[in-house]
Amino acid sequence: ACGSSTDTAPGSGSGSTAGSTAGGGGAGLKVGMAYDVGGRGDQSFNDAAAAGLDKAKSELGVEGKEAAAVNGEAESARKERLQQLIDAGYTNVIAVGFAYAKSVGEAAKANPDVKFAIIDDASPDSAGSNVEQITFAEEQGSFLVGAAAALKTKTNRIGFVGGVQTDLIKKFEVGYEAGAKAVKPDIKIDVKYLTQPPDFSGFASVDKGKAAAEGMYQSGADIVYHAAGGSGGGVFTAAKAAGKLAIGVDSDQAKTAPADVRDVIMTSMVKKVDVGVFDFIKAVQDGSFKAGNKVFDLKAGGVDYSTTGGQVDDIKSKLDEYKQQIIDGSITVPSS
Amino acid sequence: MSAAGLQAADVVREPEAARSRRTRPWWFWAAVVFGAVVVISTVRVLTGANDIDSTGALRAAIGLAVPIGLAGLGGLWSERAGVVNIGLEGMMILGTWGGAFVGYHYGPWAGILGALLLGVVGGAIHALATVVFGVDHIVSGVAINLLGAGAGAYLAVRTFTGLPGGGPTQSPPLQQLPFIGIPGLEQPLEDLAAKQWWLVSDLAGIVGALTTRVNVLVVVAVALLVLTWFVLWRTAFGLRLRACGESPQAAETLGVNVYRYKFTAVLVSGGMAGLAGGFLVLVASNLYREGQTGGRGYIGLAAMIFGNWRPGGLAGGAALFGYADAVQLRSGGDVIRAYLLPIGLLLVAWGVWQYLRRRAGKRMKGVPMVVMGVLALLWFLLSSSVPDEFTGMTPYVATLLVLAFASQRLRMPAADGAVYRKGEAS
Amino acid sequence: MTHRVTHHGTPAVELHGITKRFPGVVANKDIELTVDRGTVHAIVGENGAGKSTLMKILYGVQQPDEGTITVDGTVRTLRTPSDAIAAGIGMVFQHFQLADNLTVLENVVLGAEKLHGIGDAARRRIREISTSYGLGVEPDALVADLGVGARQRIEILKVLYRGAKIVILDEPTAVLVPQEVDELFGNLRELKAEGLTVVFISHKLDEVLKVADAITVIRRGSTVAEVDPKGVTPRDLAELMVGSELPSPSTDESTVTDTPLLTIEGTSLADPAGGRALLDGIDLVIHAGEVVGIAGVEGNGQAELVEVIMGMREPSSGRILLGDVDTSDWQVREIREAGIGYIPEDRHRHALLLEAPLWENVILGHQTDRANLTGPGGLLIDAAAAKQETREIVEQFDVRTPSIDVTSGSLSGGNQQKLIIGREMRRNPRVLVAAHPTRGVDVGAQSAIWDHIKQARREGLGVLLISADLEELVGLSDTIRVILRGRLSGDFDPDVVTREQLGAAMTGATGATGATAAGGPTGTDHTGAAGTPTDGGSR
Amino acid sequence: MSARLDPRRLGMAAAAPLLAIVVAVLVTTVILLVAGDPVGAVWSQLFKVPLPRQIIAIVNAATVYYLSAIAVAIGFRMNLFNIGVDGQYRVASFAAALFAGQGWLPGWLNVIVALLVAMASGAVWAGIAGLLKITRGVSEVISTIMLNAIATFLVAFLLGKTAERVQGSNATNTKPLPDDSRVPGISLDGIIATPSRVYGLIVLAVVVGFAYWFVLNKTRFGFDLRATGRSESAAVASGVKVKRMVLTSMLISGAAAGLVGMPLLFGQDYVYGDTVQAGLGFAGIAIALLGRNHPVGIAFAALLWAYLDAQGNGLQITAGVSDRLVLVIQGVIVLSVVIAYEVVRRAGIAMEQRRVAAELARRQPATEGAAA
Ligand SMILES: Nc1ncnc2c1ncn2[C@@H]1O[C@H](COP(=O)(O)OP(=O)(O)OP(=O)(O)O)[C@@H](O)[C@H]1O
Ligand SMILES: Nc1ncnc2c1ncn2[C@@H]1O[C@H](COP(=O)(O)OP(=O)(O)OP(=O)(O)O)[C@@H](O)[C@H]1O
Ligand SMILES: [Mg+2]
Ligand SMILES: [Mg+2]
C-alpha cells in the first residue's frame, strides 16, 4: 500500500500516504487513523483496525490517512499526531490503542466538531461528547478458548504466553484461566509474559515466544494460547515442532498465519477490531454516531472463537453452551 | 659487554618480574565446567527441577546465547584493535534487515551473506568516523545505533510492505536454514536424559543439546568463535591487529599500517554484529520484525567485557546470559529456586572463609555474604518457586552477581578507545 | 672550536638538505648529516632542537619537506617505517614503543612475522640473538612485568631481529642507571665491531664523548657543527648546543640544620600480590635545609617510597612523621596540605592535565590551598588568583609559552617540567619530594631547575631527591642513600663517594652499606659536581 | 586572552554545526533519492516553521531531553559512561509518582518532597553501579545496562502491586496526583498565540543546567571531578580520592537522572504508568555528546533533537514517508556534527601550535641561555 507514494511526483508535497489511495474515488468521509506501535502490517492488532478502514474505503468510499506511533514516545507526540490528522482535514479520527486515552480526551475537547473513536479504552480520560470508546470483552472470548483448551488437553496442562504484562493482556489470561477451570477445576496452567512495560518488545520477539512455548510443551502442556502479537509466530513454530497445539489471538490466525503452521492453530480468540472501526465509520456516515462506550462483547459479536480448520468442531456444542451462558449472564467472566 | 652485570641487574629487578600473570590451563576450565555439571546435577536430583539442564532448556539457551555471542564477537574484533564499539546494536539491526531482505529474495544461505554485508556497512561507517576522522568512539557508536535503528525500520517499510505476509514492520516468513546433528544419537540420548539419573542424564542432556538438531548457523557461530581465537592469537595478522589495540604507535614504528588493521577489524566487527542480527531473523524468528534485537547488542558488549575481551570468556558470558534467559522464559521459577541452594551455600562458605582468613580489622567483610547466603537458603526452603515477576530479571541479576564476585581481573586492550593518529610515535 | 671530521668510503647514511616544517615551526632546516659505516655517531642538541624529528625522518615515520636521504649510497624515499626497515634501518624511540600486554616474543616479531613466523622458530631466533649479545631476554615474559633496562634491551633486540645494519637510538640512556648505561655501551661497541652503524642521541654529554666516534650538534633545527669527540669537553659541546656561553657553576654552602622535617621510621609495604615486601624497614630523616638523594636501579622501591610518603599507599607497618605529627594514615590531600611538595616521576601521568590550560594545572595538587579559593568556606575556585599565580610562575621559572590559556599538553617537555617545579616551589613547601626532576630536560633548563631547588634549600626546604642521574644526585644532595630491594643503605657522602661505590651498592654487588664513606650529613659543599652536569662527567 | 577573541576561531566554531547540518541534509537527501521517497516533501515538512503549539511541544520535549543529557554528561565529565540514566529515571519517576500520588503533603510541599524522592531514588539506583565499581571493579557500562533491565522488572512489578485501577481503562497507572500538586504550565500567550503551555518545571532544567555549569567550572569539587575525568592518575596524585569521586559523581548523575521524568509527571501525565515516555536515557547520551557536555551546547542539542522529533511526527501524514527516517537523520546529524567538530578541533590545535611556535621563535633570541 505504501508503494503508492513513489508514484507521486517528488516535491508535490501532498504525497498520498499509506493506504490512502486504496479506496474508491468518492469524495466520502475523511478518516484519520492513528495506530499503536507497529502500525499497519503488524499482522495483529493494528492490522485488524486497518482491515476495518480498508473495508470502509471499499464499501463506503471514505478516504483515509494513517500514521503510527513510535515505541516509547511522549504523550505530546500522540496528541500532536491526532491534531495533525485533523489539521490535514481528516476530521474523523480513530485512535488505535489505550495509549491514546489522554490524547483523545484532550483533542476531543479542543476539536468539538471532530468525531473520535478510541479502541481499547473506556476511561474518563478519553470520554467526551464526540468520542466513541470501543472496548472488547477479551476475557469472554478468552474464556471460550480456555474452555476449548481444557476440553482438548490430554495432559491436563495448558499454557498462556503474554507479550507484555499489561492490564489489557492480563484480561486475556484471566479469562482463559476462568474458561479452563470452568471445564477442569484441577487443570494446570503455565503462564509466561515475555517482557514488562515499558519494554514492549515482547510483542515483537518471535524467538522469545518460541522459547517460552517450547518450555511449556516440553514440561507437559499440550495447548498454548498466546496474546503476544508478533511473538505468537514463535508459539506456533514451537507447537509445530513439538507436534502440539496452539491458540491464536485477535484475528482468525488459522487463516492469517504462515501456511506451514496453520494446522497447529486449534482455534483463535477473535477480537473484531475491524468491526469496531467499520461500525464507527459507518455510524458517522449515517449520522447515527453515538458518543460513549460501546462494548464489543460476546453478545455483540465483538469477540468470539474461530472454527477454521475444524479442530474444535467436536466440542463446538459445549463451547456454544458456555457462550450462551456468558451472553445471558449466568456466567460472569472475571476480567482482572 | 658484561653478561654478568646484566644478570645482576635482573636479579635486582626480580620483585617486579616475579609477578607473572599466566592464563589458566585448559584443564582448569574443563574441571570448572565438570564441577558445575556435578553441582547442577546434584541440585536437580535434590530439588526435582528437571528443566535445569534438560536438552530443551539447553537448546533454547544456545539459541538465545548465539546472537549475544556473535554480537560480543563483533565487539571483540573491534576492541582488540582499539576501537570501542557501542554501535553493535545498530549494526545488528542493519543485519536483521539485510538477512531478511536477502534471505527472502535469494534464500536463507544468501541471507547469511546479506546480514553480514549490512553489518559490514554499519562497521564501515563506524570505521570511517573513528579510524579515518578520529571521532570519539562512543559518540560514533551512539550515532550508529540511531542510524541502524532508523535505517533498518525505514528500509523495512520500503521493502516489506505489500509482500505476502509482510508489512511495514515485518518481513514475510523466511525459509529455514537446515538443522544438523550426529545421526542416531538423538533417541538414545533422549531416553537416557528421561531417566533422570544423577549425572548420567545430565550429561546425556548436554551432549544431546550439543550434537543433535543444531542449526547450521549455530555451527557457523561456534566456528567463527574458534576462528576468531585462532586468527587473533595464532596468526601474524591477529598479532598485528591486537598490537593496534595495545599500542598502535609501537605497531606503526614496526611498519604496521595501523589504519588498515583498525579499519579491517571494525569491518569484521560489523559483519559479526550483522550476523548476530541475521541469526535472529534466519534462525530464531524466521522473519524480520521491528524491534527484534531488543538491546541484545548492548548485552553482547556486556558479555565481551564480562569475558575480559577474550573469545572463551565472552562465550561464557553469552552462555550464562542465554542460559538464564532460557530458564526464565521457560517459566523456570522452580529452576531458579533450585539455584538458590548452591548459591546460598556458596555465599555462606565464602563469607565464613573470608571471616577466618582476613585480618582482624577486615573480618566483617565476610558477614554480609553470610547474611545474603542465609537469606538465599531461607528463600529456598520457604518457597516452591520464584515468583514470575522476578524470574524475568534472572539473566541480568546473574550477570551482575557473577561479575561482582569474579570481576577485578578485567583488563581491556591498553589503547582501547584512544584515537590514533599516524606519525605521533616519539 | 669546530672539528671537522673527514669521511672515508661510502657512508652508511647521508642526509642532505633535510627540511621539515610543522605548522608554524621549522623543526629541521637544511640538515646535513653523514654517518660512516661501522661507527657510533652521536647527535646532540637542546630540547626541541629537532633531533628526534630528524631521526623519525630517517626512519620513515615522518616525511621531509625537502632534502634527500641516502642509505648505503642509494637515494631512498622512506614513506613508512617499513621502507626504512627494508633499507636496513632500525630505531629505538625516545619513548619505548612496546605493547605492555603482549609478550616479549610478540613485541619482537610484530611486523616482521615473515622472517621466522610467530612461533617456535621466532622464539629460537630471539634466544639466539639474546645469547649472542648477552641481552638476557626471555621471549615469553610479559613486557608489563619487566623493568626499564629489560625494555631497553627488548627494543634493541627488535632492531637486531630485523637484521638492521643501521641502528638509531633516541635518548636510550635517559632512564638507565650507570650499570645499565655501561651495558648498553658495551652492546654498542659489540654492534660496531660487527660492522653495524649506530646513530645515538643523548643529553648526557659525558656519555656521548665516551662512546661516539663522531658528534653532530644541532641547534634550533640546523646542523651547527660536526665534531670529533677527541679534544672537546662536555662544556664545549654544551656551548655549541645553546649557542652561547654557559653560566659558571654556582657555589653552595651546606644549609643542613638539626630540625627534622620528615622522619620515616621502620616503614614497610607488603606486596599485595604476595611477593617479597616492596619496602622493608625504611628509616630516613630529612632535616630542614637538607637534600637527601636516593640512588637505585629502577623498580627497587623508589616509586613505592614516594607513594607511601605522599599518602597514595598506606604502609603496612612503621611511622611517617612530618615534624612530629604522625602522618602514616593521612590521605594525599592532607599530606599536601601539610606542606609536602611533589614532583612526580611521570609528569604526563601524575603531574599534568594535558588538556587543561596552564592556570588549571597550577591549581592541580593545591586544590585546597586558600590562595586558589574564594567564596564561603573556600568552596569556589578563584580563577583570577590562579591565573595571576600562573603568570608569576611563567615569569619566574622561565616557562616558555605564549599564554597561560594554552593547554599544558602544547608545551614542550622541558617547559612542562618548569611549570610543575614552579607550581610546587611557589607554594613554599616544607618538604619537596622530587622524582627525576630534570629527566629529559636540556642542560639550560636543567641548571635552572637545580638553582631553584638550591635556593629553596637555603631557605630551609628539605628535599627527597630520587634520580637516575648520578651527577644530579652527587651535585645536589647533602646525603645519598641507595635503595635496593626495598631497603635503604646507610649514608654516602656525595663529596667522597665514587660512581663505582654507588653502582656496587645499587646492584648489591658488594656489602653495600659497608661502603659508607661518612655518617650523617656533612657540611662540605660539592661545587665540582654541581652547576652543570657536563663538567662533572668524566671522572 | 587572545585565545578567546580570535575571530577566526569563533568563525570556525560556528562553522562546525552549520557544516554538519549541510552534510546531514546532503546525506539524507541521497538516502531519500536512493529509496525513491519524495525529497521535497520530506524537507518541506522537516524545515517548515513549527506552529505555535508545536513550538511549545518542542520546548517541552527539549526540557526533558536536557535533564537527561545533563545526567549523562555529569558521568562523562568523570569518564564514567552512565548508560543507566534510562533505568534511573524510570525508577525515580515511579517512586516520585507513587509518593506524590498519596497526597500526604499539601500542594507545593508535596511537589518539592516528591522531587527529592525522585533524586534520592535515582541516586540510589545509580549508586548501585557506583558501589559495584569501586568495591568490585565492575565496569559501569555492564552494570548500568543490567540495572536498566532490572529496573524495568522491578518497576513493573511494583507498579502492578500499587496501580490504581480505573474503570474502563486498560492503562496501568499509579494513583494520580492531587490537583494541588500539579505544576501549572507557563503560558507564552504574550509571545506566541496558543493555549499550550510550557512545563512549569522547565525551571528545573534551567536550575540543573546552571548548577551543572557552576559546580563543574566554579567549585573545588567540580575541579576535582574534571581533573579525575581528564587524568585519573594525575587526580590521585593531586589528592583526589578517586573512589569516592566515582561514587559521588554516580550519585549526582543518578540524582539528576531522577529529575528527568519530573516535568512529565507534574506537568502532563500526573501519573506514572506503562504508557510513560521511555528511552529518554538513551536519547540523553546522544544529546550530551552532541552538545559536547557543555550546558549551553546541550541545550541547543536538546532543542534540535526535540525539533526533529516533532517535525518527524508529521512525516507520515504530510509526506507519506516513514517517520523512522527521523532516526536516520538524527544519526547522520550526530555523526556529521562530531566529524565537523573534530575537523575544526584539529584545525584549532594546529592554529594554537602555530601560535605557540611563532611566539617562541619571537622570544627565543631574547631568552637564549636563560638558564642563568
Ligand atoms: N608532530 C609535530 N607537530 C608539530 N610540531 C612538532 C612535531 N614534532 C616535533 N615538533 C616540533 O619540532 C621541534 C623539534 O622537535 P624534536 O622532537 O625533533 O626535538 P628533539 O631535538 O628531539 O628534542 P628532545 O631533546 O627534547 O627530544 C619542536 O620544536 C617541536 O615543537
Ligand atoms: N605529534 C605531535 N603533534 C603535534 N604537536 C606535537 C607532536 N609532537 C610534539 N608536538 C609538540 O612539540 C613540542 C615539543 O614536544 P616534545 O615532546 O618533543 O618536547 P620535548 O621537549 O622533546 O619533551 P620530552 O623531552 O619530554 O620529550 C610540544 O609543543 C608538542 O606539543
Ligand atoms: Mg622530545
Ligand atoms: Mg627527542
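Since we're looking at a predicted model, the values are computed, not measured. Letters go in sequence order (proteins before strands), and every chain restarts at 1.
At a heavy-atom separation below 4.5 angstrom, chain B is approached by D:M146, D:L147, D:A149, D:I150, D:F153, D:L154 within residues 146-156 of chain D.
Comparing B:G134, B:G152, B:A151, B:P168 by heavy-atom pairs within less than 4.5 Å of chain D, the highest count is held by B:G134. In terms of heavy-atom pairs under 4.5 Å with chain B, the best-connected choice from D:V337, D:I145, D:I329 is D:I145. When each of D:I333, D:I142, D:V141 is scored by its heavy-atom pairs under 4.5 Å with chain B, the top score falls to D:I142. Between chain B and the residues D:V334, D:L289, D:L290, the most heavy-atom pairs under 4.5 angstrom are made by D:L289. Contacts with chain D were tallied for B:I138, B:T159, B:L128, B:I125; B:I138 has the most, counting heavy-atom pairs under 4.5 Å.
Contact check for D:S143 versus B:L400: side-chain heavy atoms found under the 4.5 Å cut-off. Here the side chains of D:I31 and B:Y154 are in contact, with some heavy-atom distance below 4.5 Å.
Of the two parts of D:L132, only the side chain, counted from C-beta on, holds a non-hydrogen atom closer than 4.5 Å to a non-hydrogen atom of chain B. For chain B, the nearby parts of D:V332 are the backbone and the side chain; heavy atoms of each come within less than 4.5 Å. Within the 4.5 angstrom heavy-atom criterion, no atom of B:T394 approaches chain D. Residue B:L155: no heavy atom, backbone or side chain, is found under 4.5 Å from chain D.
The two residues B:A129 and D:L335 come nearest to each other via the heavy atoms CB-CD2, 3.8 Å.
Looking only at distances, no side-chain donor or acceptor of D:R324 sits under 3.5 Å from a matching main-chain atom of B:A153.
Qualifying salt bridge (Lys or Arg N to Asp or Glu O under 4.0 Å) partners for B:E79, counting only residues two or more places apart in sequence or in other chains: none.
Around the CZ atom of D:F300, the shell of radius 6.0 Å holds no more than 12 heavy atoms that belong to other residues, nucleotides or ligands. The neighbour count for D:E342 CD, taken as heavy atoms of other residues, nucleotides or ligands under 6.0 Å away, is above 12.
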Take B:D136 and D:V338 through the test side chain to side chain contact (heavy atoms under 4.5 Å, CB included) and record every step on the way to the result.
-> CA-CA 8 Å; B:D136 181 277; D:V338 291; over 6 Å; no
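Paired with B:R158 under the rule side-chain contact (heavy atoms from CB on, under 4.5 Å), one option of D:D37, D:V321, D:V34 passes, and it is D:D37.
A ring pair (Phe, Tyr, Trp, His ring centres under 6.0 Å) check over residues 126-148 of chain D, counting only residues at least two apart or in different chains, returns nothing.
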For residues 140-149 of chain B, which side-chain N or O atoms pair as donor and acceptor with protein atoms under 3.5 Å away, sequence neighbours left out?
residue : atom : partner : partner atom : Å
B:S140  : OG   : B:H126  : ND1          : 2.7
B:N145  : OD1  : B:G90   : N            : 2.7
B:N145  : ND2  : B:I86   : O            : 2.9
B:N145  : ND2  : B:Y298  : OH           : 3.0

